[in-house]
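Contents: one structure, followed by commentary.
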Amino acid sequence: MTGYPDDLPFFGDDDDFVPAPAPAPRPGGIAARAQAARGAPRYLEGLNPEQRLAVETTEGPVLVLAGAGTGKTRVLTTRIAHILASGLAYPSQILAVTFTNKAAREMKARIGILVGEAIEGMPWLGTFHSIGVKMLRRHAELVGLNSNFTILDTDDQIRLLKQLIQAEGLDDKRWPARQLAGMIDAWKNKGLSPAEIPEGDARSFGNGKGRQLYQAYQDRLKTLNAVDFGDLLMLPIRIFREHADVLREYHSKFRYILVDEYQDTNTAQYMWLRLLAQRPALPDGSRPAVNICCVGDDDQSIYGWRGAEVDNILRFEKDFPGAKVIRLERNYRSTAHILGAASHLIAHNEGRLGKTLFTDRGDPDDARVKVHAAWDSDEEARAIGEEIEALQSKGHALNDMAILVRASFQMRAFEERFITLGLNYRVIGGPRFYERQEIRDALAYFRIVSQGSDDLALERIINVPKRGLGEAALRLMHDTARARNTSLLQAARDLIGTEEMKPKPRAALRALVESIERWQGMLDRTPHTELAELILEESGYVDMWKNDRSPEAPGRLENLKELISNMEGYESMRAFLEHVSLVMDAEQNDDQDAVSLMTLHSAKGLEFDTVFLPGWEEGLFPHQRALDEGGRAGLEEERRLAYVGVTRAKKNLHIWFTSNRRIHGLWQSTIPSRFIDELPEEHVEVVESGSSYGGYGSGYPGRPNPYGASRFDDTPVFSNSYSTPGWQRAQRNRNEATQRNWGNRSGHQVERIGYGEPDSGYGAGRGSFKGKVIEGELVAKSVATEPSRFKVGDRVFHLKFGNGNVAAVDGNKLTIDFDKAGQKRVLDGFVQPA
DNA sequence: ATACTTTCGATTTTT
DNA sequence: TCGAAAGTAT
């Protein structure tokens, strides 16, 4: 099938040729065929026809387009179970890749249930990165590494880059290491080596030294025997390209390749997959079929900004001729109203493969998607809090509810509100366990003990806790290490025998070095968890946090305990360290009933009975920056994000927008997201605000023109807010102005307010800025701020604050000393000459 | 080294 | 505006 002998010995691994699970006959054997003829095995029961087709089409390239809630994971796991149970391959002959450890764990667990516990041997099921490490450890010498290389965390990476930038004689303020790290990451996502990066990119950093710095970084990594996350894909790709024999062995090994979330693959991952999947041409010129099955949903591609290429999935049929495309459109999650809303919304995107979700569970009692308006973010939080409490009192579990926001700053209003209400909530996302400072510090201690040459680890903890070893001491160590071409630890050892350091730091350094040596001596004799505890105690690290008065300190000590207890699952400290940087997740305790609060991005893959989607306003969602930087593609990705949000809901969906939001400290008037207008009327119900701010506050300021008038303009709740002359004038001005000016730099429309009342009068849009027009559609605007028509000392009038004097002018932002209201900052469009 | 001041930036995040 | 992070002064 592959053109290679099937049973090539493969690196002599013990994970290879693990006996197939008990029920599985030998691949291709008579028993296998006999079983195939015997009718459907149990695991196929309950699959719908499309799912079943996706499971049973084992040969050749297959693309499964799995819409939200259509049983994607089930198909993937059943397919693997099917391949194993039919005896088509041994577990070790299946390559199954996911993006997150969570997804990999879930798949392992579910395959285990289907096939029985004998699944131990699926050595090649994991994330791109974990499989990458595994490959790289085997062939490290081919790229000049030792197989015990370390994987850098972001802090190490930044510190290293900073040193390199300084070594180039560049100002590290002007050329921040973070930015370079971001660029290198982006290059690696594209699979580009220093020699291959575009000239423009290379020139744009560090006075044209971009390429040089990238190369220097790679060289430095090599001498440190270290890699970064990007290398875990890049280096295997290089090995495959440069060593045909290695690639050939992987070809003969992997009979089946499965990829989860294919729409999220970046170029490097794509190249990696292509290399593994595509077989060399046969003598007759034809290419052997590839048993690759990619599962994904182009409508849920929301990671373009970090290098994912939707194009990979759109191009699948070209990449793999003869590919079968199977669509999963039967949704098992949401009501018909929610699906109708989602489908109608996503249909506004071009460049999709096209799917329409449906369900046959139509219940006349199902609620429509509810659209609510609030005056500002506080009212929004208050109203959602009330709704949650109401649901709770009706017996709904908080665990079944979630609030999904576009940007994390939105969470604050909810957290504050929930704290005052005493409502349990949990924030999902945020810094991962292993990214926390105390965990990284502890790991650095373990690293330097188990690997004395880990300079970056020593550097990290040299003065943590404070030992009086500051910059001067570190520089001396660096210089010594470089001069003698030794590790930092060896340099320290050498230095404490000389007079080069002042007595105090020298004594401190001696104490540290001696401790490290003592711990190193205990490595083989002491159980690793015990040793870990000892290290953290004796180094003074635990005391450091015990003496810390900050509120986080107790939590950090807890985390350290958890770290140690996590170590128990591993054989040795070294084994623990090998896995830890890739496979450690924060553990959420689900035992408490709590509302979930998270970003839309982190909600992908989850589902809740009731979902709240606040902040559907132009500029926030779709986010102005996505529009400015991504144009039409950016808008479509935002729309997919909206689609992801909508499809998280099983039964109830509440979409909210506010009329006013404070952005960068200024109150701005906002208009509802265009996505709200893209929802189908028949599945939506517009809810009148019942809160104290009702009436005026729930006012709906109408649509700007580029998207046409809103259907909601006519609904009573919104139209009554038009009745005031102020609103009517505001809208007139807005419509006029939006044709010329689509917001300003901060991303909002011309209709602005200072504090409180909306009044536009003289919108900031009197300018003649050019909007960004793509295919006749006004998508984004360029940055432009007209100088204010006011100057310091002018006497002005503001609708809410009355008369005052201009105290300062900053672009169109005025600081005004009001006679009555005191000093306020207001946009100039909201005051007029007194 | 620690406390105070200044500056900067403000979408989304995995491994 | 407001919070974090980096710089400066003691």
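Chain A is the first sequence line, chain B the second, and so forth, proteins listed ahead of strands; every chain is numbered from 1. None of these values were measured; they are calculated from a predicted model.
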T127(A) side-chain proximity, nearest of dT1(C), dT15(B), dT12(B): dT15(B)
Just checking F229(A): base, sugar-phosphate only, or nothing, at a heavy-atom cut-off of under 4.0 Å? base
What integer number of Å spans the P atoms of dT13(B) and dC2(C)? 24 Å
Face-to-face stacking of W305(A) with dT12(B), centres under 5.5 angstrom, angle under 30°: yes
Value in whole Å for how far the C1' atom of dT14(B) lies from CG of L233(A): 11 Å
Comparing L469(A) with H623(A), nearest DNA chain B nucleotide closer to 5' gives the residue L469(A)
Counting just side-chain N and O atoms, does R625(A) come under 4.0 Å of either OP1 or OP2 of dT11(B)? yes
Residues that D299(A) engages under salt bridge (Lys or Arg N to Asp or Glu O under 4.0 Å), provided they are two or more places apart: R352(A), K355(A)
For nucleotides 5-10 of chain C, give me every protein contact, N/O to N/O, under 3.5 Å, one pair per line with atom names.
none

Nearest-Å distance, CG (L404(A)) to C1' (dT11(B))? 15 Å
In whole Å, I'd like the distance from the CG atom of L613(A) to the P atom of dT12(B). 16 Å
Quick one: sort the Y541(A) and W545(A) rings into parallel, tilted or perpendicular, breaks at 30° and 60°. perpendicular
To the nearest Å, how far apart are N463(A) CG and dA1(B) C1'? 10 Å
With a non-hydrogen cut-off below 4.0 angstrom, is R412(A) in contact with a base, only sugar-phosphate, or nothing? sugar-phosphate
Round to a whole Å and report the spacing from CD of E629(A) to P of dT12(B). 13 Å
Would you say that I184(A) contacts K188(A) through its side chain, given a criterion of any heavy-atom pair below 4.5 Å between the two side chains? yes
Polar pair under 3.5 Å, donor/acceptor by atom type, side chain R306(A), base dT12(B): no
Please determine, for the side chain of Y303(A), which listed nucleotide (dA1(B), dT15(B), dT13(B)) has the closest atom? dT13(B)
What orientation do Y303(A) and H601(A) show, parallel under 30°, tilted 30 to 60°, or perpendicular over 60°? tilted
Between H129(A) (NE2) and dT13(B) (C1'), how many Å, whole number? 12 Å
Using the side-chain heavy atoms of R662(A), tell me which of these nucleotides is nearest: dT14(B), dT12(B), dC2(C). dC2(C)
Say whether Y217(A) and D228(A), considering side chains only, have a donor N or O and an acceptor N or O under 3.5 Å apart. yes
Strictly by modelled atom types, are Y643(A) and R639(A) linked by a side-chain donor-acceptor pair under 3.5 Å? no
Pi stacking test for H601(A) and dT12(B): under 5.5 Å apart, planes under 30°: no
When the P atoms of dT12(B) and dA5(C) are considered, how many whole Å apart are they? 15 Å
Give the rounded distance in Å between these two atoms: CD1 of I462(A) and P of dA1(B). 13 Å
If you pin F409(A) and G230(A) to their nearest nucleotides in DNA chain B, which one's is more 5'? F409(A)
Applying the 5.5 Å / 30° rule, does H664(A) stack onto the base of dA10(B)? yes
Any chance the rings of H348(A) and F675(A) have centres within less than 6.0 Å? no
Have a look at L95(A) and tell me which of V259(A), L258(A), I131(A) forms a side chain to side chain contact (heavy atoms under 4.5 Å, CB included) with it. I131(A)
For dT12(B), does either OP1 or OP2 sit under 4.0 Å from a side-chain N or O belonging to S408(A)? yes
Is N101(A) close enough to dT14(B) that one of its side-chain N or O atoms is under 4.0 Å from OP1 or OP2 there? no
Kindly write out the residues that satisfy side-chain hydrogen bond (donor to acceptor under 3.5 Å, both in side chains) with E309(A), not counting sequence neighbours, or none if the list is empty. none
Could you tell me the separation between the CZ atom of R105(A) and the C1' atom of dT15(B), rounded to a whole number of Å? 13 Å
